[in-house]
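Numbered from 1 within each chain, the chains take letters A, B, ... in sequence-line order.
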There are 2 protein chains.
Amino acid sequence: MTKQVRNTAAKSAVIEMLTVSKTALSHAEIYHQLQSTCDRVTVYRILDRLIEEGAAHRIALTDGTVKYALCEQCGEGQHHLHSHLHFNCLQCGGVSCLESEIPKVQLPRKFKLHDVSLVVNGICASCNV
Amino acid sequence: MTKQVRNTAAKSAVIEMLTVSKTALSHAEIYHQLQSTCDRVTVYRILDRLIEEGAAHRIALTDGTVKYALCEQCGEGQHHLHSHLHFNCLQCGGVSCLESEIPKVQLPRKFKLHDVSLVVNGICASCNV
DNA sequence: CTCTTTTTTGCAACTTTGTTGCAATAATGT
DNA sequence: ACATTATTGCAACAAAGTTGCAAAAAAGAG
Ligand SMILES: [Zn+2]
Ligand SMILES: [Zn+2]
Ligand SMILES: [Zn+2]
Ligand SMILES: [Zn+2]
């Protein structure tokens with residue numbers, strides 16, 4: 001029997017925050033913005049849960065920081081693969097999901113592809129004056 | 001005047017280790033394998049330095065862990081962009097540089113591309129029996 | 001609404017990871 | 001062998017992430 005999902009104030013707050021935000025957010029950013037309305041550990045657990053539920057996905061930047069974004073364009077259900085690319089602005093630091101599909105990659109013989117994570121570093125439209 | 005580069009035992013050991021290893025290594029892996037022949041901080045600094053010198057590059061996995069690999073196929077000099085892709089085996093956990101070039105990505109108007117980080121998650125040839 | 005079940009939360013304690021300043025040490029060129 | 005300057009070790013932090021457990025809260029049933 002699959003675990004039941006519950007909606008709590010903290011979880012809703014995180015979802016709301018990710019919904020409103022134009023950029024993906026890190027655990028620290030989310031936690032600070034919540035102004036200690038809930039525990040640091042709780043934020044970790046909410047984020048883990050959102051990912052497990054397929055409501056959010058993780059984005060790992062080149063320096064190792066991890067950001068979270070809601071899954072919107074992601075295919076729902078079994079084939080929940082975030083096959084869109086991410087953009088990390090080197091100026092404003094913003095990270096966003098782009099609609100663009102990830103191009104097909106060629107793998108050596110016998111390698112089996114599961115999913116692809118692609119982050120483009122550069123200058124975003126807002127910063128590119 | 002540009003900072004002079006020195007070769008030390010610790011640095012050579014790290015380079016040797018990365019040369020021998022078939023997979024990219026994390027700071028923790030490198031440090032433990034060095035069996036406390038040098039300090040944890042030193043390993044951090046050596047890795048930073050290797051990257052600054054263009055001798056190594058960083059690979060960020062989906063879960064946020066960072067691995068290091070020597071730059072071999074990377075273009076030397078000014079255009080030192082690691083335009084090859086990385087493979088992360090979901091079974092053995094190994095991370096390796098693949099020769100395959102990263103396909104061109106399409107960005108929205110006004111976005112300026114600097115570099116691309118692409119990690120393919122899947123099953124490697126050794127694990128794919 | 002009340003009770004029950006199960007999930008979620010807070011807290012404390014802890015581990016791991018990464019950073020900084022400074023004095024001691026070691027590499028390089030002369 | 002000496003001087004210069006990069007590198008290292010150490011100590012002390014700061015930040016990030018994990019775990020166990022008891023208390024609190026959500027959902028469903030009666
Ligand atoms: Zn920007
Ligand atoms: Zn995304
Ligand atoms: Zn493998
Ligand atoms: Zn590589």
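Distance, A:L61 CG to D:dA16 P: 13 Å, rounded to whole Å. Computed from coordinates, the B:L47 CG to D:dT8 P distance equals 11 Å when rounded to whole Å. Between B:D48 atom CG and D:dT8 atom C1' the separation is 14 Å, expressed in whole Å. For the pair B:D39 CG and C:dT25 P, the interatomic distance rounds to 15 Å; values are reported in whole Å. As rounded to whole Å, 12 Å separates atom P of D:dA16 from atom OH of A:Y68. One interatomic measurement links the two molecules: NE2 of B:H27 to C1' of D:dG17, which rounds to 17 Å at whole-angstrom precision. Straight-line distance from the CG atom of B:L34 to the P atom of D:dG9: 10 Å, rounded to whole Å. We find that CD of A:E29 is positioned 10 Å from P of D:dA16, with the value rounded to whole Å.
Contacts of A:A9 with the nucleic acid, taken as non-hydrogen atoms under 4.0 Å apart, are absent. Counting non-hydrogen atoms under 4.0 angstrom, B:S12 reaches nothing in the nucleic acid. Heavy atoms of A:S36 sit nowhere under 4.0 angstrom from any nucleic acid atom.
Annotation: of the two residues near DNA chain D, A:R40 and A:R45, the 5′-most nearest-nucleotide partner is A:R40. Along DNA chain D, the nucleotide nearest A:N7 and the nucleotide nearest A:V66 are compared for position; the residue whose nucleotide lies closer to the 5' end is A:V66. Two residues, B:A28 and B:T8, neighbour DNA chain C, and the one matched to the more 5' nucleotide by heavy-atom proximity is B:A28.
Summarising the geometry of A:H57 relative to A:C71, their closest heavy-atom pair is ND1-SG, 3.3 Å, with the distance given to 0.1 Å. Closest approach of B:I123 and B:C89 over heavy atoms only: CA-SG, 4.0 Å.
Residue B:K11 places no side-chain N or O under 4.0 Å from the OP1 or OP2 atom of D:dT8. A close approach under 4.0 Å does occur between a side-chain nitrogen or oxygen of A:R49 and OP1 or OP2 of C:dT8.
With hydrogens and angles ignored, the 3.5 Å screen pairs no side-chain donor or acceptor of B:K67 with any backbone N or O of B:L61.
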**Prompt:** Passes side-chain hydrogen bond (donor to acceptor under 3.5 Å, both in side chains), B:N88 versus B:T62? Steps please.
**Reply:** CA-CA 9 Å; B:N88 181 14; B:T62 317; 5.3 Å; no
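Below 30°, between 30° and 60°, or above 60°: for A:Y44 and A:H27 the angle between ring planes is below 30°, a parallel geometry.
For A:Q4, whose side chain is taken as the heavy atoms from C-beta onward, the closest listed nucleotide among D:dT19, D:dA11, C:dT7 is C:dT7. Nearest to the side-chain atoms of A:R6 among the listed nucleotides D:dA6, C:dT20, C:dT5 stands C:dT5.
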